[in-house]
Amino acid sequence: MRTRMLISVVMAAISLLAIVPGSAFAHKHRSRGGRCGVSINVVPRQIVAGEPVVIFGRLHCANQAGAAGREVRLFHHLIGQGGGFNYVQSVTTDPAGFYVITPADGVVETNRSWYVRAHSARSATKRIRVAAAVTLSGPTEGQLLTGYPNRVTFTGTVSPADAGARVILQRQNASTGSDWRHIGSGVVTGSGTFTIAHTFVVPGDANVRVLVRSQRRNIPSSSNVLGYVISQAENPQLTIQASADPITFGESVTISGKLGGGANQPVTLLARGRHQHGFARIAQTTTNGAGEYSFPAQSPINNTFYRVTSASQASAVLYEGVKDVLSAQVSATTIAAGQALTFTGTVSPDHTGHTIYLERQGSDGDFHVIAVGQVGAGSVYSISRSLYDPGNKVLRVFIPGGPENQGTASQPIAIIVTPAPASALPAEPTEAPAFPPEGQS
């Protein structure tokens, strides 16, 4: 008897699930009497401070006609601040009960949570992660020299200003573009600025950025990446220089210099790559009457160390950077809000497995990462992101540099996002776009 009763209860529950729309279970609290429920979507779920947020959903009622023209009230709570939720703004549902708030909550600069109320119903609570907008400035990208006399200073800004937050200077340490190592630190001032001085000691690549460790208001936030090639300070008795440093993959470079008091003397050009343990002889020539020399043009595929020797002298180590070549195409330049854009292209030389970023130009004029992908087999990539806020956008693809090659960015691409009704807006995919890895701090 008990078995038959249990089966009856289970069958009744299954029947109820079959007739109740799935969206009803996204509601936190239904209205009194259970007649209405309201859903909420917040997109994107990860942003850089200042980017617009779109909130949308639908009011469902037993009598759906009663969902039209209802007020939807938005409430927020700022993470890291005391107190509960506070009222933000209101909109009205359309004839089918849909609503959209764009942009929602004004300028969103810190982590926060939202919910909405409509017709006595309360939605679930949605939270987003907000990175601070961090900019890094330093010497002009290109060649720097080792040693304390060649010490360099990096400066930058953090918005919103987070006085006392730790700023970590990091250097890329992996050929995949995903391993950032701590090389210096500073703190954010009350005006949202920072200054970090650093001395480079070892020749090689130096792709640097900063990571800001916020005090709960924002998630750990990385800056733009600056690319340098570090060479030893010159030996005045045997100098070495490059016709261009860095060069772009496919280009050539001429190594030249002067041997002091070394007219008509043989000199040898040595080179080694990152994975070679010692220098190998690659060319030889003779200085002219003034001791000057020039070797035939070289076309390295990857970043390369060069050195010149004579019978009695050895030059400093010259590090020649080779920038990647990146192509980028986009699936469309005009889309409706909520649709995904897909950027595709190739990277040369081959960078299969390397990290690659999709970036969006912010109101500060700088580009900030909005999606992270990986270069696939054959050095081909595909990276997508949905855009929800209508208007004109500027995006680009960027591959960070590393020991193998110097990074590069595609040309900026203008995108137009047209408005779409709330009923046509899809929820953001479960796997939200990631921010760059934090690295060691």
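Panel note: side chain Glu109, backbone Ala49; no donor-acceptor pair is recorded below 3.5 Å. Remark: side-chain polar atoms of Ser331 are paired, donor with acceptor, to backbone N or O of Thr342 under 3.5 angstrom. With hydrogens and angles disregarded, a donor-acceptor distance shorter than 3.5 Å links the side chain of Thr304 to the backbone of Asn302. Side-chain N or O atoms of Ser379 include one that pairs as donor or acceptor with a backbone N or O of Val347 at under 3.5 Å. A donor-acceptor contact shorter than 3.5 Å links the side chain of His77 to the backbone of Gly84. With hydrogens and angles ignored, the 3.5 Å screen pairs no side-chain donor or acceptor of Glu438 with any backbone N or O of Pro436. Between the side chain of Glu141 and the backbone N or O of Gly227, at least one donor-acceptor pair lies under 3.5 Å. Of the possible polar contacts, one joining the Asn303 side chain to the Pro403 backbone as a donor-acceptor pair under 3.5 Å is found. Asn207 contributes no side-chain N or O that, together with a main-chain N or O of Gln406, makes up a donor-acceptor pair within less than 3.5 Å. In this structure, Asp324 contributes its side chain and Gly407 its backbone to no donor-acceptor pair below 3.5 Å.
Residues satisfying the salt bridge (Lys or Arg N to Asp or Glu O under 4.0 Å) test with Arg209, not counting sequence neighbours, are none. Under the salt bridge (Lys or Arg N to Asp or Glu O under 4.0 Å) criterion, Asp205 pairs with no residue, sequence neighbours left out. Residues forming a salt bridge (Lys or Arg N to Asp or Glu O under 4.0 Å) with Arg307 (at least two apart in sequence, or on another chain): none.
In this structure, the separation between CZ on Phe75 and CG on Asn86 is 9.0 Å, given to the nearest 0.5 Å. Between the CG atom in Leu74 and the CD1 atom in Ile55 there is a gap of 4.5 Å [rounded to 0.5 Å]. Rounding to the nearest 0.5 Å places CH2 of Trp180 at 10.5 Å from CG of Asn173. Put simply, OG1 on Thr344 and OH on Tyr381 are 6.5 Å apart, with the number rounded to the nearest 0.5 Å. Between atom NZ of residue Lys258 and atom CG of residue Leu238 there is a gap of 12.0 Å, rounded to the nearest 0.5 Å. Taking NE2 from His76 and CH2 from Trp114, the interatomic distance works out to 9.0 Å, rounded to the nearest 0.5 Å.
Looking only at side-chain heavy atoms (C-beta outward), Tyr228 and Val208 come within less than 4.5 Å of each other. With contacts defined as side-chain heavy-atom distances shorter than 4.5 Å, the pair Pro52/Tyr388 does not qualify. Residues Pro103 and Asp389 have side chains not in contact (no heavy-atom distance under 4.5 Å, counting atoms from C-beta outward). Side-chain contact check for Val48 versus Arg360: every heavy-atom pair is 4.5 Å or farther apart. Between Thr285 and Ser294 the shortest side-chain heavy-atom distance does not fall below 4.5 Å. With contacts defined as side-chain heavy-atom distances shorter than 4.5 Å, the pair Tyr293/Ile240 qualifies. Residues Ile230 and Val202 fail the side-chain proximity criterion, which asks for heavy atoms closer than 4.5 Å. Side chains of Phe398 and Asn224 form no contact here, defined as non-hydrogen atoms less than 4.5 Å apart.
No donor-acceptor contact under 3.5 angstrom links the side chains of Glu234 and Thr239, judged on distance only.
A salt bridge does not link Asp105 with Lys126: every distance from a Lys NZ or Arg NE/NH1/NH2 to an Asp or Glu carboxylate oxygen is 4.0 Å or more. A salt bridge is defined here as a Lys NZ or Arg NE, NH1 or NH2 lying under 4.0 Å from an Asp or Glu carboxylate O, and Glu251 with Lys323 fails to meet this definition.
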Could you go through residues 364-377 and list every donor-acceptor pair under 3.5 Å that involves a side-chain atom there, pairing it with any protein atom two or more places apart or in another chain?
unit_1, atom_1, unit_2, atom_2, d
Asp364, OD1, Asp366, N, 3.0
Asp364, OD1, His368, NE2, 3.2
Asp364, OD2, His368, NE2, 2.9
Gln374, NE2, Gly353, O, 3.4

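When all heavy atoms are compared, the tightest approach of Ala336 to Thr418 is CA-OG1, 3.4 Å. Of all the heavy atoms in Ala332 and Ile415, the pair that sits closest is O-CD1, 3.6 Å. Between Ser231 and Tyr319 the shortest heavy-atom distance is OG-N, 2.8 Å. In terms of heavy-atom proximity, Asn218 sits nearest to Val130 at ND2-O, 3.1 Å. Among all heavy-atom pairs drawn from Ser137 and Leu226, the shortest one is C-CD1, 4.0 Å. Looking at every heavy atom in both residues, Pro139 comes nearest to Phe154 through CD-CE2, 4.0 Å.
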Checking Thr254 against Ser256 for the side chain to side chain donor-acceptor pair (under 3.5 Å) test, could you report, in this order, the C-alpha distance in whole Å, the side-chain angles of both residues, the deciding distance, and whether it holds? CA-CA 6 Å; Thr254 299; Ser256 61; over 6 Å; no
Go through the steps for Phe85 and Thr125 under the test side-chain contact (heavy atoms from CB on, under 4.5 Å), then give the verdict. CA-CA 11 Å; Phe85 283 81; Thr125 300; 3.9 Å; yes
Criterion side-chain contact (heavy atoms from CB on, under 4.5 Å) on Leu358 and Leu395, from CA distance to verdict: CA-CA 7 Å; Leu358 179 61; Leu395 283 76; 4.1 Å; yes
Would Val108 and Ile128 count as a side-chain contact (heavy atoms from CB on, under 4.5 Å) if you check the C-alpha gap in whole Å, the side-chain angles of each, and the deciding distance to 0.1 Å? CA-CA 10 Å; Val108 176; Ile128 69 165; 4.0 Å; yes
Using side chain to side chain donor-acceptor pair (under 3.5 Å), reason through Thr110 and Arg112 one step at a time and then give a plain yes or no. CA-CA 6 Å; Thr110 59; Arg112 63 190 60 194; 3.2 Å; yes
side-chain contact (heavy atoms from CB on, under 4.5 Å) between Ile247 and Val322, intermediate numbers included: CA-CA 5 Å; Ile247 60 173; Val322 181; 4.2 Å; yes
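Counting non-hydrogen atoms of other residues, nucleotides and ligands closer than 6.0 Å to OH of Tyr87 gives a total above 12.
Listed by first and then second residue, the side-chain hydrogen bond (donor to acceptor under 3.5 Å, both in side chains) pairs that reach into residues 151-161 are Thr135-Thr157, Arg151-Thr199, sequence neighbours excluded. A salt bridge (Lys or Arg N to Asp or Glu O under 4.0 Å) check over residues 171-191, counting only residues at least two apart or in different chains, returns the pairs Asp179-Arg181.
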